[in-house]
Amino acid sequence: MDKKALLELSNGSKIDLPVLSGTVGPDVLNIKDLYKTTGLFTYDPGFVSTASCSSTITFIDGDEGVLKYRGHDIADLAENNSFTAVIYLLLYGELPSSEQHKKFLLKIQESSKVSEQVTNVIKAFPKTAHPMSILVACFANLSASYHETHGNNVNGEDLDFGISAIAQVPAIVAMIYRHINNQEFTNANNKLSYSENFLNMIFGSAVNNTLFVKALDKIFTLHADHEQNASTAAVRLVGSAGSNLFASLSAGVATLWGPAHGGANEAVINMLKEIEQSGDVDRFIEKAKDDKDPFKLMGFGHRVYKNYDPRALILKDACHEILSKLEQNNELLEIAKKLEEIALKDEYFITRKLYPNVDFYSGIIMNAIGIPSSMFTPIFALARTTGWVAQWYEMVNDKETKICRPRQLYLGK
């Protein structure tokens, strides 16, 4: 029996709205014919209660603290699978066999060479440029190359374009880092794993710390996709107009740059530096509790998760393991540990579900590895490129996809 909801308007008219049910998660009111039927729009700033599409890729239950890729629990994926296996899962819907994984790694290696045009784009930027501005331009350059070959034809079946983006982005991000630090570019080493190779290209030599490599691989997995977040919605919105994959990815990078989205882990480190300068952690805790104070404790709480962020639970252990084995003292990391300790015990934070989130722990880990905070968001983009690619392909192959065209409540003259 089809489920319906009855909408009764103030003029006495009544409209049945179909209720759609997913595999799991809240039911959805189907309002796509509402304007045609009633002349009314719905009003939902920020799409807090709006499902813009159907998807089979990622599921989140914010109340229960659940995150799954293709039906697989995030904890199992992060603990028992490499990031490249997770890439395969998001693209193809199943975890790879050993033979499939080997072939897929070879395909990534074969697709990882960065063109001279992209290299020149990076070199054209001043050393003072924010890395995300350069990354936006690199994807825009790739979109130009695509357009030269294929014009306006959008190929929704050939995954090679998506795999080439995923394969090239580690080298591009590493090149951006070395450019702004006035260092020569480092070639990829295909004998290394995906994450180990990235650290090698960043620092210019093999990183012999397996703890760092393992932690970074987890960071990549945990950031690979996150349902219909702001940057993924941007990728889908741009793609809905018929724009090619790389143009859509450029929009995703631009959106992720925002401090309310991908820039949050960079904001965590900036906040820790601000607290370090003052030398008074307790004063900043009190400022965070004061509703009239504009200061916000970055890296705590999450719009979706009203329980503990499951990604934070995974990174918390990795973070503590790294901090326990660091030989040098780091004042920022000591402040971070104190903030965490206070927030997990303080009634103010507990009642408001303001637990440390994935940005808090990933920022601390990358700081411990020696990655500067300006590179945190590009590394987030590196990981999220896989999710964007998977979501873009799903969007272009969905028969219900229409060009995204939100409406408005006009309040002007």
Side-chain angles (χ1 to χ4, degrees), residues 81-122 135 138-150 153-179 184-207 213 216-217 220-221 224-225 244-250 252-253 378-379 381-394 396:
N81 294 273
S82 67
F83 177 56
T84 47
V86 172
I87 295 173
Y88 188 99
L89 169 69
L90 288 169
L91 293 181
Y92 296 102
E94 302 288 344
L95 284 168
S97 65
S98 178
E99 187 61 29
Q100 287 171 328
H101 193 204
K102 187 186 298 183
K103 289 181 179 178
F104 186 63
L105 286 175
L106 184 60
K107 193 172 186 66
I108 287 178
Q109 291 168 359
E110 291 172 345
S111 308
S112 63
K113 185 172 176 56
V114 177
S115 71
E116 186 179 351
Q117 290 93 329
V118 173
T119 303
N120 290 336
V121 166
I122 295 170
L135 188 57
C138 289
F139 274 121
N141 182 274
L142 288 170
S143 72
S145 301
Y146 178 99
H147 192 269
E148 285 176 8
T149 306
H150 303 282
N153 296 320
V154 173
N155 190 332
E157 296 179 0
D158 189 353
L159 278 172
D160 285 356
F161 297 109
I163 292 170
S164 71
I166 293 165
Q168 288 182 65
V169 70
I172 291 172
V173 170
M175 290 166 73
I176 291 170
Y177 169 80
R178 295 187 70 79
H179 169 70
E184 293 294 322
F185 298 151
T186 304
N187 292 327
N189 183 345
N190 289 334
K191 294 180 180 178
L192 303 177
S193 70
Y194 188 95
S195 299
E196 194 175 7
N197 189 34
F198 173 68
L199 287 176
N200 173 66
M201 290 187 290
I202 280 272
F203 295 121
S205 59
V207 175
V213 173
L216 189 64
D217 208 67
F220 287 162
T221 291
D225 197 47
N244 70 56
L245 171 64
F246 298 109
S248 303
L249 293 176
S250 186
V253 174
I379 288 173
L382 186 167
R384 186 56 58 84
T385 297
T386 295
W388 292 334
V389 167
Q391 296 273 353
W392 184 90
Y393 276 100
E394 183 179 62
V396 297

Search all heavy atoms of [X] against all heavy atoms of [Y] and return the closest pair with its distance.
X	Y	result
Leu216	Ser195	CD2-O, 4.1 Å
Ile202	Arg178	O-NH1, 2.9 Å
Arg384	Ala224	CD-O, 3.4 Å

Polar side chain donor-acceptor pair, Ser82 to Thr84, under 3.5 angstrom: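 Thr84 and Ser82 do have a side-chain donor-acceptor pair below 3.5 Å.
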Atom CD of Gln100 with >12 non-hydrogen neighbours under 6.0 angstrom: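 More than 12 heavy atoms, drawn from other residues, nucleotides or ligands, come within 6.0 Å of this atom.
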Quick one, [X] and [Y] - any side-chain contact, counting heavy atoms below 4.5 Å?
X	Y	answer
Trp388	Val253	yes
Asn244	Phe161	no
Tyr393	Leu245	yes
Val114	Phe185	no

Distance (rounded to the nearest 0.5 Å) between [X] [atom1] and [Y] [atom2]:
X	Y	atom1	atom2	value
Ile176	Cys138	CD1	SG	4.5 Å
Lys191	Asn197	NZ	CG	12.5 Å
Gln168	Leu382	CD	CG	12.0 Å
Phe198	Tyr177	CZ	OH	10.0 Å
Ser164	Lys107	OG	NZ	9.5 Å
His179	Thr119	NE2	OG1	11.5 Å

Working for side chain to side chain contact (heavy atoms under 4.5 Å, CB included), residues Trp392 and Leu249: CA-CA 9 Å; Trp392 184 90; Leu249 293 176; over 6 Å; no
Any residue meeting ring-ring contact (aromatic ring centres under 6.0 Å, His included) with Phe83, in chain and number order, not counting sequence neighbours: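 By the ring-ring contact (aromatic ring centres under 6.0 Å, His included) rule, Phe83 matches Tyr194, Phe220.
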Check: Asp217 main-chain N/O paired with Thr221 side-chain donor or acceptor under 3.5 Å: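 Side chain of Thr221 to backbone of Asp217: a pair is present.
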Expected output: side-chain Ser250 to main-chain Ala247 donor-acceptor under 3.5 Å: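 No; judged by distance alone, with no hydrogens or angles, the pair does not exist.
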CA sep, side-chain torsions, deciding dist, call: Val169, Phe139, side chain to side chain contact (heavy atoms under 4.5 Å, CB included): CA-CA 9 Å; Val169 70; Phe139 274 121; 4.1 Å; yes
